[in-house]
Amino acid sequence: MAETKREIERKYEAAAGTDVPDLTRVREVATVADDGVTELDAVYHDTPDLRLAADSITLRRRTGGSDAGWHLKFPVAVGVRDEIRAPLSDTLPPDLAALLRSRVRGGEVVPVVRLRSARDVRRLLDADGGPLAELSVDTVRAERLPDGPRASWTEIEVEAADDADPGILDAVEKRLRKAGIRPSDAPSKLARALAETAPGDTPLDTAPPGEPGTAGAAVLAYVREQAEAVVALDPAVRRDLPDAVHQLRVACRRLRSALKTYRSVLDRNATDPLGDELKWLAGELGAARDQEVLAERLRAHLADVPRTLRLGPVKARLRIWDAARTEEARRRAVAALDSDRYLALLDRLDALLADPPLREAASRDAAKVLARAVRKDHARLAARVDRALSLAPGRERDLALHEARKAAKRTRYAADAARPALGKSAKKFAKRVKKVQSLLGEHQDGVVARATLRDLALQAHTAGETAFTWGLLYGREEAAADAAERALPAAWAGAASL
């Protein structure tokens, strides 16, 4: 993977010839080193319909300066972006292309804007000569490609140094404001260049269709939100960011649940095949997520075992087991994202949102239609919980509790989707159902953990090691599952109605 750098910066309006105030009066700044002027030449790429710009993503090929090469920037928060760098080359590096796949699909990125900047750089240093921030005065000349309108401006950019306290930016801004220098309205040079070189050429409009207040508008807004989450989380999974697989899997499940729950709004003849594809994708991601949860659970439980009861190389065996399974699960997840089947799924989601298969109920009041659908899901959950609690402890009961868990997730997701229409009642209901789901999840995680602990005990025994510690953990998992089952009736009583 290419190099990644967290970029924390702010931009300010500046007229040509603007004098930068004395920054040694800023707290912690002892000296300001003048690095002179560097000429930069950057060509920004996007799809012809500006899909990257629509999501505040920038891709550029830049020459000049100390960091020449390809730069791909993803927004993290206001003023914060992750910049992923790759060496200079004539074509887009494969690593960066993969991170854009969910947005570019089968298309290509093309040059859209060229920015040539004269960058006058000043480094802000502390008393020990350590870097605090870098301030640059950029004189920018923008050209829309190919052979389009041009624009020019001057701006000031202040970026916190690596590992420096971002609070330095507040102190610098205070000083700049006193000098009459104000924050820029444009979030990036590219955004400003696009606006000034072709004001009518705006990124994609993603406003949801449907009359406000109707069930159709409410459901489509939720479906769009989850579909956009799938697209946005794709590069996070490829970058192996924390919790990314889990979030992407949840987005798939929320989408699938919405398509099932709100069949009175969206025609199931169109949505059921889409639901099948979402189930496939969630399943491919599931191996990675399930391994992540299981490994974290076993490590935590093993850490709670007194040292005197950790007999044999249990930590080493758990580490080896986890490494092998994690790598295989990750390969499976990325392979799914690289597949043509996945791109076809994304295209079908776009088609659904562009031309939704609305039924008669879609034109009715959102609160009434969505509440009815949530109650129907709740009735399914009630039937599964009642059946599970009626069974004697054992494998059949474990399976029934797992089915109840899946119904609880669907009911909770349905309530989450209905929150804009139903308000606090849906929020409180979802919270109560989540308690039931958490208990059922704890029970199911214990079932899976016990099967794994048995396998690890057998492996240890075969290798001539004692299986004592694995047996101890097995017993603790049994006790935890029993506790979850005992707590379930009370939690279920609290979630008995919307």
Side-chain angles (χ1 to χ4, degrees), residues 49 51 54-56 202-233 247-248 250-275 277-278 345-382 407-434 436-437 494-498:
D49 55 2
R51 296 178 202 172
D55 288 340
S56 300
T202 57
L204 293 171
D205 180 9
T206 57
E211 290 295 324
T214 63
V219 172
L220 288 171
Y222 183 78
V223 169
R224 180 178 297 279
E225 178 184 347
Q226 302 309 317
E228 289 175 349
V230 171
V231 171
L233 288 165
Q247 292 183 50
L248 179 51
V250 167
C252 291
R253 286 177 163 176
R254 285 181 178 274
L255 261 173
R256 184 167 176 255
S257 292
L259 297 180
K260 282 187 172 184
T261 296
Y262 298 111
R263 284 170 172 165
S264 65
V265 176
L266 296 173
D267 187 351
R268 65 179 301 174
N269 290 323
T271 61
D272 280 359
L274 192 52
E277 292 304 286
L278 289 165
L345 167 59
L346 297 182
D347 287 342
R348 290 173 70 175
L349 284 170
D350 284 350
L352 176 82
L353 290 164
D355 186 17
L358 297 175
R359 300 186 64 195
E360 183 180 349
S363 61
R364 297 173 185 162
D365 179 69
K368 293 181 180 179
V369 174
L370 272 60
R372 188 181 304 115
V374 173
R375 292 191 183 98
K376 186 175 180 180
D377 275 357
H378 182 264
R380 180 185 297 102
L381 169 60
K409 281 186 178 181
R410 177 169 162 180
T411 304
R412 178 187 151 210
Y413 294 159
D416 286 341
R419 279 178 60 180
L422 302 182
K424 291 183 179 179
S425 63
K427 180 180 180 179
K428 291 178 180 178
F429 175 70
K431 187 176 181 179
R432 296 195 300 270
V433 173
K434 186 177 180 179
V436 175
Q437 178 192 325
S497 63
L498 175 60

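We number each residue from 1, following the sequence as shown.
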Student check: side-chain heavy atoms of Leu220 and Leu266 closer than 4.5 Å
yes
Closest contact, heavy atoms only, Ala414 versus Asp377:
CB-OD2, 3.6 Å
Taking all non-hydrogen atoms of both residues into account, name the closest pair between Ala361 and Ser264 and its distance.
CB-O, 3.1 Å
Could you measure the distance from the CD atom of Gln226 to the CG atom of Leu248? Nearest 0.5 Å is fine.
11.0 Å
Side chain proximity check, Arg224 to Glu228, heavy atoms < 4.5 angstrom:
yes
Distance-minimising heavy-atom pair for Ala430 and Ala415
CB-CB, 3.9 Å
Do Val219 and Val369 have side-chain heavy atoms sitting under 4.5 Å apart?
no
Side-chain donor-acceptor contact under 3.5 Å, Arg254 with Tyr222:
yes
Can you tell me if Gln437 and Arg412 form a side-chain donor-acceptor pair at under 3.5 Å?
yes
Charged N to carboxylate O under 4.0 angstrom, Asp272 versus Arg263?
yes
Just so I know, are the side chains of Asp365 and Thr214 near enough to count as touching, which here means a heavy-atom distance under 4.5 Å?
no
Nearest-0.5 Å distance, CG of residue Leu345 to SG of residue Cys252:
7.0 Å
So Asn269 and Pro357, do their side chains get closer than 4.5 Å, heavy atoms only?
no
I want to check something: taking the side chain as every heavy atom from C-beta on, are Leu352 and Leu259 in contact at a cut-off of under 4.5 Å?
yes
Answer yes or no: is there a side-chain heavy-atom contact under 4.5 Å between Tyr413 and Leu255?
no
So, for Pro420 and Asp416, which heavy atoms are closest and what is the spacing to 0.1 Å?
CD-O, 4.0 Å
Would you sort out whether Lys260 and Arg256 count as a side chain to side chain contact (heavy atoms under 4.5 Å, CB included), showing the intermediate values?
CA-CA 6 Å; Lys260 282 187 172 184; Arg256 184 167 176 255; 3.1 Å; yes
Is any side-chain heavy atom of Arg348 closer than 4.5 Å to a side-chain heavy atom of Pro273?
yes
Ala418 versus Leu370, closest heavy-atom pair with distance
CA-CD2, 3.7 Å
What's the shortest heavy-atom distance between Ala373 and Tyr262, and which atoms?
CB-CE2, 3.5 Å
Got a second to check how far Lys424's NZ is from Lys431's NZ, nearest 0.5 Å?
12.5 Å
